[in-house]
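All values reported here derive from a predicted model rather than from experimental measurement.
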Amino acid sequence: MTRATTALIDLDALTHNLQRARRAAPIQRVAVAIKANAYGHGLLRVARALQDADAFAVASIDEAMTLREGGIQHPILLLEGAFEAAEIPLCSQWKLALAIHHVLQVEMLERTPVERPVRAWLKIDTGMHRLGITPELTQTYWQRLRECPSVDPDIRLMSHLARADERDNAYTLQQLQIFEEAAGDLPGERSLANSAAVLGWPNTHFDWVRPGIMVYGA
């Protein structure tokens, strides 16, 4: 025998949780992660409920275009960047920013002309070991992006924390040090803090925070 399962989504609770993130990081801008259909909560309805966000972060261009076609005008960051060169002109057209975490994505931008330069967030692997360039190559890839006509010269730097929910674990401080050393004196805004870091590691807040799972109640 099967039984229907119903999920009740309280959009007011999501709005409250976003405000909690803002109170924890009051001077930073907030890019809310709504990837994977807003963690199953409904991409468009969550984006419409969270109008107070400064930007949204999604996994793919399909999610980003769903938002644009649904009337969402916020800045949108593709957390995994472009998967193929054909997506780059669409990112230019729809004003979508790209996380750059692999040399192949740099090469795609270098060989793909666009009408409007694309915003790039250069992602450094500081210890999550999921996506990101090695810290030693940060300066090299930043320079290549800066010289690429298809890239907006205002390049942002980002990384992702692996164990920020463990407040007694020094690994977050190690990642912070690696991030700061890799970024050096490069210009541009920075983003490191995920949900756990928004709440527990204020020294990682920099210019942008990226709350995800905390917005949905975890």
Side-chain angles (χ1 to χ4, degrees), residues 13-41 43 46-47 49-50 52-60 63-64 67 74-81 96-102 105 119-135 138 155-183 188-218:
L14 270 67
T15 302
H16 168 83
N17 293 340
L18 172 57
Q19 294 308 316
R20 177 67 182 88
R22 282 206 176 278
R23 289 197 300 272
I27 65 173
Q28 284 74 23
R29 283 185 282 179
V30 179
V32 179
I34 56 174
K35 61 184 179 180
N37 193 30
Y39 293 77
H41 292 68
L43 184 66
V46 168
L50 300 181
D52 192 41
D54 296 296
F56 293 119
V58 298
S60 67
E63 291 183 332
L67 292 176
H74 288 60
I76 298 174
L77 170 64
L78 274 61
L79 289 169
E80 298 183 34
L96 310 176
L98 293 171
I100 307 299
H101 58 82
H102 196 281
Q105 295 174 321
R119 169 85 66 184
W121 296 55
L122 183 59
K123 187 167 188 177
I124 307 164
D125 179 10
T126 57
M128 183 74 174
H129 303 317
R130 185 170 63 188
L131 297 175
I133 63 169
T134 59
T138 300
I155 300 163
R156 294 171 180 161
L157 297 170
M158 66 185 296
S159 188
H160 195 70
L161 297 170
R163 304 180 71 172
D165 54 333
E166 302 172 26
R167 296 192 183 183
D168 59 347
N169 193 315
Y171 196 67
T172 294
L173 295 177
Q174 295 174 28
Q175 287 192 258
L176 174 60
Q177 181 179 356
I178 292 170
F179 182 71
E180 291 181 320
E181 290 176 353
E189 294 175 337
R190 286 149 166 71
S191 178
L192 184 59
N194 57 5
S195 289
V198 168
L199 297 175
W201 300 89
N203 53 343
T204 68
H205 287 178
F206 291 104
D207 303 291
W208 286 84
V209 296
R210 307 192 312 274
I213 197 67
M214 70 172 290
V215 176
Y216 308 94

Distance, nearest 0.5 Å, that separates CD1 of I76 from CG of L67:
4.5 Å
Do V46 and V32 have side chains that approach each other closer than 4.5 Å (heavy atoms only, starting at C-beta)?
no
Show, in sequence, the C-alpha distance, side-chain angles and deciding distance for Q175 and R163, and conclude whether the side-chain contact (heavy atoms from CB on, under 4.5 Å) test is met.
CA-CA 10 Å; Q175 287 192 258; R163 304 180 71 172; 5.7 Å; no
Donor-acceptor contact below 3.5 Å, side chain H160 vs main chain M128
no
Tell me the closest heavy-atom pair linking W121 and S191, and the distance in Å.
CZ3-CB, 3.7 Å
Just jot down the salt bridge (Lys or Arg N to Asp or Glu O under 4.0 Å) partners of R190, sequence neighbours excluded, or say none.
none
For Q177, the side chain to side chain contact (heavy atoms under 4.5 Å, CB included) test, sequence neighbours excluded, returns E181
Less than 4.5 Å apart, side chain to side chain, heavy atoms only: is that true for Q174 and T172?
no
Spacing of CG belonging to L78 relative to CD1 belonging to I100, to within rounding of 0.5 Å:
9.5 Å
Sequence neighbours left out, cut at 3.5 Å: what donor-acceptor pairs do the side chains of residues 211-218 make with other protein atoms?
residue: Y216; atom: OH; partner: A33; partner atom: O; Å: 2.8

Within residues 122-133 or reaching into it, pairs that qualify as salt bridge (charged side-chain N to carboxylate O under 4.0 Å, His left out) - sequence neighbours excluded:
none
Measure across L192 and S159 and return the closest heavy-atom pair with its distance rounded to 0.1 Å.
CD1-CB, 3.5 Å
For T138, what residues pass the side-chain hydrogen bond (donor to acceptor under 3.5 Å, both in side chains) criterion, not counting sequence neighbours?
none
Closest non-hydrogen contact found for W208 with D54 is CZ3-CB, 3.9 Å
Please identify each residue that fulfils side chain to side chain contact (heavy atoms under 4.5 Å, CB included) with A13, with sequence neighbours left out.
D10
Scanning both residues in full, the closest heavy-atom pair of A25 with H205 reads CB-ND1, 3.7 Å
What one should report as the nearest heavy-atom pair of L98 and G81 is CD2-C, 3.8 Å
Could you walk me through whether I133 and Q105 pass side-chain contact (heavy atoms from CB on, under 4.5 Å), step by step?
CA-CA 11 Å; I133 63 169; Q105 295 174 321; over 6 Å; no
Distance, nearest 0.5 Å, that separates NE2 of H101 from CG of L79
9.5 Å
By salt bridge (Lys or Arg N to Asp or Glu O under 4.0 Å), which residues pair with D52, not counting sequence neighbours?
R22
Can a donor-acceptor pair be found, under 3.5 Å and without considering hydrogens, that links the side chain of E80 to the backbone of S60?
no
Side chain proximity check, L77 to V58, heavy atoms < 4.5 angstrom:
no
I want to check something: taking the side chain as every heavy atom from C-beta on, are L199 and R167 in contact at a cut-off of under 4.5 Å?
yes
Using side-chain heavy atoms (C-beta onward) and a distance below 4.5 Å, is F56 in contact with L50?
yes
Point-to-point distance, once rounded to the nearest 0.5 Å, from CG of L122 to CZ of R156:
13.0 Å
Looking at G127, is its backbone amide N or carbonyl O close enough to the side chain of Y171 to form a donor-acceptor pair, meaning the two atoms are under 3.5 Å apart?
yes
With R20 via salt bridge (Lys or Arg N to Asp or Glu O under 4.0 Å) - residues at least two apart
none
Just jot down the side chain to side chain contact (heavy atoms under 4.5 Å, CB included) partners of N203, sequence neighbours excluded, or say none.
L173, L176, W201
Among residues two or more places apart or on two chains, list those pairs meeting side-chain hydrogen bond (donor to acceptor under 3.5 Å, both in side chains) that have a residue in residues 23-41.
R29-E189
Contacts of E63 that satisfy side-chain hydrogen bond (donor to acceptor under 3.5 Å, both in side chains) - sequence neighbours left out:
none
Taking every non-hydrogen atom, the tightest pair across P135 and I124
CA-CG2, 3.8 Å
